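Input: a single structure, listed below in structure tokens.
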Amino acid sequence: QLLTFGPIYPNLAAYAMVPSVATCFMCLFAKDATLPSRVLAVCMTAVGLAALAFTQPNAVFTTVVFLLPFCMYRTALAVDFLSFKGRKRIAAKIAVAIGFFVFAAVIWAVMLHLPFFQGVLSEWWPKYTGGFQAIADVITLRFVGGVWQPLLAFAVVLGAVYALLRREYLWLVFAYMLFCLMFVLDAATESDLKLWLTGFWYTDKYRIAAAAALFGAPLASMGLHALCSASRKLVHSVLRGKDSFAPAAVSVFVLAVFASINYYPSVMLSGQQVSLSAFGSFKSQYEMANSANETRPYTKAEQAFVERV
């Protein structure tokens, strides 16, 4: 919606770079990484963060929030190098992860009080709905005025379950949940906590929703992977291990069905355009907003500006 609300092109461009910058940082912790590759990862991360800061500074904070659970996870793994065993090791991992979270929270609090951030933090978007509706918008991936996406939401939930079973991906669930929590606070409350958590995004629900959608994508991908893997295993067991292209074909079929439903465009019914998917809705809104045939009178504020200049 950053293309239809605003449009906020700098934020969209910055968000497009966030996954690459985050990946550069995570390459620091690759198992087979050499010293030169780690130095290169540090340099690329620094360059990436600078690019985000010049494009849209809130993308830097988006990257930081996304990587916070990852850093907590990697910090907890460092306990494995110590001599703790059994419950002591588990307790030490939890303590270290919480300690890193507290450290990050202190840094965040300090930045909230820095003078050069006060202009950003003075912006305030009022809530637009209640708590239950905001939670429902998150669960259905509707977010801000979009179309409910039950199939994609199912893929995200399935991906979260997959991450729970594969502990190395569990931090992705927490990263996504952080942004969902921030969206609910932004959309449905007027508390100080809303400013503390979303102030660097101007308490703008559209920017927070876009970040949540960005980091829900890996979970949806893992959900589709789990669904295709389960489908292949089922077909393989039915065929009793016989060599066949059927297991691969069923994966293609699952992805084709998902894409057909999830990306289905808008259609005309009784002369009215009906959006059957979020992408169809976006297509309709974007075409309407950029149509040369549409008459768009100035708002009062725009008219006053035109008369003034």
Side-chain angles (χ1 to χ4, degrees), residues 1-18 52-66 68 104-105 107-149 153 175-217 278 281-282 285-286 288-290 296 298-305:
Q1 290 186 336
L2 296 183
L3 283 173
T4 55
F5 173 77
I8 315 176
Y9 292 123
N11 229 131
L12 181 65
Y15 276 7
M17 294 189 288
V18 165
L52 293 179
F54 282 110
T55 307
Q56 176 49 257
N58 67 57
V60 176
F61 294 97
T62 301
T63 308
V64 169
V65 174
F66 173 65
L68 175 60
I107 298 298
W108 190 273
V110 170
M111 297 189 74
L112 284 171
H113 291 85
L114 293 178
F116 51 82
F117 283 127
Q118 298 313 304
V120 174
L121 295 172
S122 65
E123 299 290 335
W124 183 268
W125 282 67
K127 68 177 185 177
Y128 79 97
T129 189
F132 287 111
Q133 183 61 53
I135 293 172
D137 290 344
V138 167
I139 294 174
T140 59
L141 303 184
R142 181 174 179 267
F143 288 108
V144 191
V147 177
W148 289 16
Q149 305 179 75
Y176 178 65
M177 289 177 63
L178 272 174
F179 278 103
C180 289
L181 172 63
M182 290 165 63
F183 172 79
V184 172
L185 287 172
D186 198 3
T189 71
E190 300 288 356
S191 63
D192 290 336
L193 185 60
K194 168 180 174 175
L195 177 63
W196 298 339
L197 291 182
T198 67
F200 294 120
W201 291 266
Y202 312 96
T203 65
D204 182 355
K205 53 188 175 292
Y206 288 95
R207 300 175 202 252
I208 300 296
L214 180 65
F215 300 127
S281 174
F282 165 76
Q285 293 178 38
Y286 191 74
M288 185 179 299
N290 292 276
R296 296 181 184 82
Y298 289 135
T299 64
K300 291 183 178 180
E302 291 170 339
Q303 184 64 41
F305 174 77

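Throughout, numbering of the chain's residues begins at 1 and tracks the sequence. Source: prediction; values computed, not measured.
The CD atom of Glu123 sits 7.5 Å away from the OG1 atom of Thr203 when rounded to the nearest 0.5 Å. Separating the OG1 atom in Thr198 from the CG atom in Leu193 is a distance of 8.5 Å, to the nearest 0.5 Å.
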Donor-acceptor contacts under 3.5 Å from residues 177-192 side chains, at least two apart:
from	atom 1	to	atom 2	distance (Å)
Asp186	OD2	Lys205	N	3.1
Thr189	OG1	Leu185	O	2.4
Glu190	OE1	Trp124	NE1	2.8
Glu190	OE2	Lys127	N	2.7
Ser191	OG	Lys194	N	3.4

Side-chain atoms of residues 208-216: list all donor-acceptor pairs with protein atoms under 3.5 Å, sequence neighbours left out, distances to 0.1 Å.
none

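For the pair Trp196 and Leu112, the minimum side-chain heavy-atom distance is below 4.5 Å. Here the side chains of Trp201 and Thr62 are in contact, with some heavy-atom distance below 4.5 Å. Put simply, the side chain of Asp204 reaches to within 4.5 Å of the side chain of Ile8, judged on heavy atoms. Phe61 is not listed as a side-chain neighbour of Phe66, based on a closest heavy-atom distance of 4.5 Å or more.
Smallest separation of non-hydrogen atoms from Pro10 and Gln56: O-CB, 3.9 Å. Nearest heavy atom pair, residue Val60 against residue Ala53, reads CG2-N, 3.7 Å.
Judged purely by atom type and a 3.5 angstrom limit, Tyr15 uses its side chain to pair as donor or acceptor with the backbone of Arg207.
Here the two rings, on Phe200 and Trp108, have centers that are under 6.0 Å apart.
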- For Asn58 and Tyr202, what are the C-alpha separation, side-chain angles and deciding distance, and is it a side-chain contact (heavy atoms from CB on, under 4.5 Å)? CA-CA 9 Å; Asn58 67 57; Tyr202 312 96; 4.0 Å; yes
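The list of side chain to side chain donor-acceptor pair (under 3.5 Å) pairs with a residue in residues 129-138, not counting sequence neighbours, reads Tyr128-Asp137, Gln133-Asp137, Asp137-Arg142.
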